[in-house]
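Quick notes on the structure that follows.
Quantities reported herein were computed from a predicted structural model and do not represent experimental measurements. Numbered from 1 within each chain, the chains take letters A, B, ... in sequence-line order. Just the heavy atoms: all of them, side chains too, but no hydrogens, waters or symmetry mates, feed the values below.
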Number of protein chains: 2
Amino acid sequence: MIKMKQATINDVARIAGVSKRTVSRVLNGSLSVGENTRTKIQNVINDLKYSPNTQARGLASSRSYLLGLIYDNPDALYLDDVQRGVLEVCSNLGYELVVHPCRYKSETLVQDCLRFISRSKLDGIIVLPPVSELEDLAQALRDSGRAYVRLSSVALDDAKHIVVSDDRAASAEMARYFAQLGHEHIAFITGPQAYKSSIERMEGFKLGLSAYGIKLRSDWIVEGNNSYEKGIECARQLLLASERPTAIYANNDQMAAGVLKVAHELGIQVPQQLSVAGFDDNMLASRVIPSLTTIRRPVRQMALLATTKMIMSIENNDKGAENVAAKVAPTLVVRESTAKLT
Amino acid sequence: MIKMKQATINDVARIAGVSKRTVSRVLNGSLSVGENTRTKIQNVINDLKYSPNTQARGLASSRSYLLGLIYDNPDALYLDDVQRGVLEVCSNLGYELVVHPCRYKSETLVQDCLRFISRSKLDGIIVLPPVSELEDLAQALRDSGRAYVRLSSVALDDAKHIVVSDDRAASAEMARYFAQLGHEHIAFITGPQAYKSSIERMEGFKLGLSAYGIKLRSDWIVEGNNSYEKGIECARQLLLASERPTAIYANNDQMAAGVLKVAHELGIQVPQQLSVAGFDDNMLASRVIPSLTTIRRPVRQMALLATTKMIMSIENNDKGAENVAAKVAPTLVVRESTAKLT
DNA sequence: TTGTAGGCGTTATCAG
DNA sequence: CTGATAACGCCTACAA
């Protein structure tokens, strides 16, 4: 197998009998090229299977055609969805995706990310929650002068820099659903208090309940951390108390699974004696027995919106970037773990 | 915030009072540089916080410092592990990771991947199973002249191009474990027959059982496809038959979860009346009730080995690449879903 | 041990 | 509408 040298813009220019400046023009879709010359050049490009060298292009235009994805993601559940979503939008436009896993709690997170983006000369950066909530990082991104979009549950940035999932509204819907099932003795297991999403979900839930005149007892709000183990711990606390709630809403599916585990241990029937719900609709939700009522975020769509937004920013279409939808609505998914109070 | 232009090699050279050729030398760790000049230059580099421009460097040396990750990954479970593993090794060496999700079944898979690697000028490519098993792709990678490493359950390439997880041995261990629990009426739900891993796991299981004089009845080998739904379907077939196995080993955890679901529906107690085991040790395994006995692959370690191997190849240390371990051993994880036959 | 000069493949300036 | 020509930042024969 002989390795052919890739054709260059010079080859194209030579064979087409024009200057490379003109080839460059058609490459970048300049309007000021004669129709004839354009098609002629286009043909040569096709014949040679020529495709521009990204590095050279980047060197000359100080762009890399590289997008970065910064995530922490202890659960690692949406990662594939996000990556596919981003690439679905950017791949055809010639961009690739460089990933940067990191740790939310790391001391060096910001400088770490900065090194990443400057070293790779990224054209744009997408940041997933909860890292996206760090203002230090956001400021650093702004200072870097690069395009960026944050995914979050709160609108903590300008329209062109954010895509928010309305966790609050979704939680309110869960509250409504619980209330309509007749539940009044309801408990909530929170997420880490440092995360905006935790606050949103709790507030939304409270709000939704209050519409039905139901108030969350303070001792039925227990602080979790989104882990399965902590879910178990919190569930024990709730279910072993003298008075027991008839429904538990956990900040995520992991913890909800923990609740199911404890209920099972204690011989409490779900959903007959206890309704349980989570948030995320991750793989657990549908596989666990009984399957979990939960809330699903349109992850893929968020990735699509974020990427679209970002590419518009990169290509100096700020107006466009602002106009791409910045908010998506998660939806309630009812399964077996919740039922009417009997 | 004023955006300073990044310092270039010229700045360093000028300030250090040497030619840029010399700076280049210290950058690339050439030995033929005087100790004085070296430290002098190094100081300037530190002062200026200079770091070489990857694009320019790539353009000149035809390297990109980019590694690619090709995966299909319907389960998306190890993705984060793999990505972190790869970066753990390559990040300090100046490489970044570009991801390329794809579809095993896609007609255009190979050309698609080729476009990816040539467009990004990747220095090396890591391919995850089952895509890694496609010989077409492998051949294309070889032809491309680039470094690559495949992860698989079979040694289908030279030592320097592969890291294999010994699924066969692991399955044999599972067989041994089953046999020691006293099971003889054992069923196996296979994975897609097109995947090597499916074959390895089945063969290993048969082999392990035969050591105990147990033979898998052909009607107790049912063909699954690694999905939860199919697991349910296969479990029904097995558990509704006139004669029922006392143990079921599924090719992965998803299907094993399906078995648990059906057992639950049919009122069959696991593990008292039926032992169930899976493969992967994904999140489901530990969260499901009862938790699943399964097999865990050292995913992170595989990623580390593969990356180490690949970087050695890239840097022309073929001998080294061959000598990095090419095989890892998955381990049996015993949980609640299996028990002694009573 | 160090420096000179040319090239890598594009983009972009500025004339024509 | 088109074409020389100079960057872009770094590497590398080839010299000295």
Side-chain angles (χ1 to χ4, degrees), chain A residues 3-42 44-45 48-66 94 118-121 123 314-316, chain B residues 3-42 44-45 48-66 94 118-121 123 314-316:
Chain A
K3 267 184 66 179
M4 278 298 298
K5 253 178 110 62
Q6 276 282 333
T8 78
I9 198 175
N10 292 304
D11 301 326
V12 177
R14 183 167 35 75
I15 298 182
V18 298
S19 83
K20 60 182 188 177
R21 180 65 184 94
T22 307
V23 178
S24 175
R25 284 202 179 84
V26 340
L27 248 36
N28 297 295
S30 162
L31 298 172
S32 47
V33 177
E35 201 45 51
N36 297 334
T37 11
R38 176 188 301 290
T39 56
K40 184 173 58 182
I41 292 177
Q42 195 57 254
V44 178
I45 289 182
L48 265 45
K49 296 189 202 314
Y50 163 77
S51 86
N53 177 316
T54 343
Q55 314 201 50
R57 198 209 281 252
L59 219 213
S61 60
S62 59
R63 287 188 42 188
S64 63
Y65 291 88
L66 255 30
S118 81
R119 190 168 77 175
S120 310
K121 304 260 177 302
D123 289 341
I314 292 173
E315 304 187 338
N316 293 318
Chain B
K3 267 183 65 180
M4 278 300 297
K5 253 178 110 58
Q6 276 283 334
T8 78
I9 198 175
N10 292 304
D11 301 327
V12 177
R14 184 168 33 76
I15 298 183
V18 298
S19 82
K20 62 181 186 177
R21 179 65 183 95
T22 307
V23 177
S24 175
R25 285 202 177 83
V26 339
L27 247 37
N28 297 295
S30 163
L31 298 173
S32 46
V33 177
E35 201 45 50
N36 298 332
T37 9
R38 165 180 261 87
T39 55
K40 184 173 56 181
I41 292 177
Q42 196 57 51
V44 178
I45 289 182
L48 264 46
K49 294 188 204 312
Y50 164 76
S51 86
N53 177 317
T54 345
Q55 315 200 49
R57 198 211 280 253
L59 182 55
S61 61
S62 59
R63 286 188 44 186
S64 63
Y65 290 88
L66 255 30
S118 81
R119 190 168 78 175
S120 308
K121 303 263 178 303
D123 289 341
I314 292 173
E315 305 189 336
N316 293 318

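R14(A) pairs by the salt bridge (charged side-chain N to carboxylate O under 4.0 Å, His left out) definition with D11(A), not counting sequence neighbours. Applying the salt bridge (charged side-chain N to carboxylate O under 4.0 Å, His left out) test to R119(A) and every residue at least two apart in sequence or in another chain returns E96(B). Partners of I314(A) by side-chain contact (heavy atoms from CB on, under 4.5 Å), not counting sequence neighbours, listed by chain and number: R63(A), L67(A), Y95(A), D123(A), A147(A). Scored by the side-chain contact (heavy atoms from CB on, under 4.5 Å) test, S51(B) finds no partners at all (sequence neighbours excluded). Partners of K121(B) under the side-chain contact (heavy atoms from CB on, under 4.5 Å) rule, at least two apart in sequence or in another chain, are N53(A), Q55(A), S64(B), R146(B).
Remark: C1' of dT2(C) and CD1 of I9(B) are 14 Å apart, rounded to the nearest angstrom. E35(B) has its CD atom 10 Å from the P atom of dT2(C), to the nearest Å. Counting to the nearest Å, the P atom of dT1(C) and the CG atom of L31(B) are 9 Å from each other. To the nearest angstrom, C1' of dT10(C) lies 17 Å from CZ of R119(B). In this entry the distance linking OH of Y65(A) with P of dG9(C) reads 18 Å, nearest Å. The distance between atom CD of Q55(B) and atom C1' of dC11(D), rounded to the nearest whole Å, is 16 Å. Rounding to whole angstrom units, CZ of residue R57(B) and P of dG9(C) are separated by 18 Å. Rounded to whole Å, atom P of dG9(D) lies 14 Å from atom CG of L48(B).
For L59(A) and V33(A), each mapped to the nucleotide of DNA chain D holding its nearest heavy atom, the one lying further toward the 5' end belongs to V33(A). When the nearest nucleotides of DNA chain C are assigned to R38(B) and N53(A) by heavy-atom distance, the more 5′-ward of the two goes with R38(B).
Looking at every heavy atom in both residues, A13(A) comes nearest to S19(A) through CB-C, 3.8 Å. Counting all heavy atoms, side chain and backbone alike, I9(B) lies closest to Y50(B) at N-CE1, 3.6 Å.
Contact annotation: Y50(A) reaches the phosphate of dT10(C) (side-chain N/O to OP1 or OP2, under 4.0 Å).
Against DNA chain D, the stretch residues 12-28 of chain A makes heavy-atom approaches under 4.0 Å through V18(A), S19(A), R21(A), T22(A), R25(A).
Looking at heavy-atom distances under 4.0 Å, S51(A) makes contact with sugar-phosphate atoms alone, never a base. T37(A) comes within 4.0 angstrom of the backbone, heavy atoms only, and of no base.
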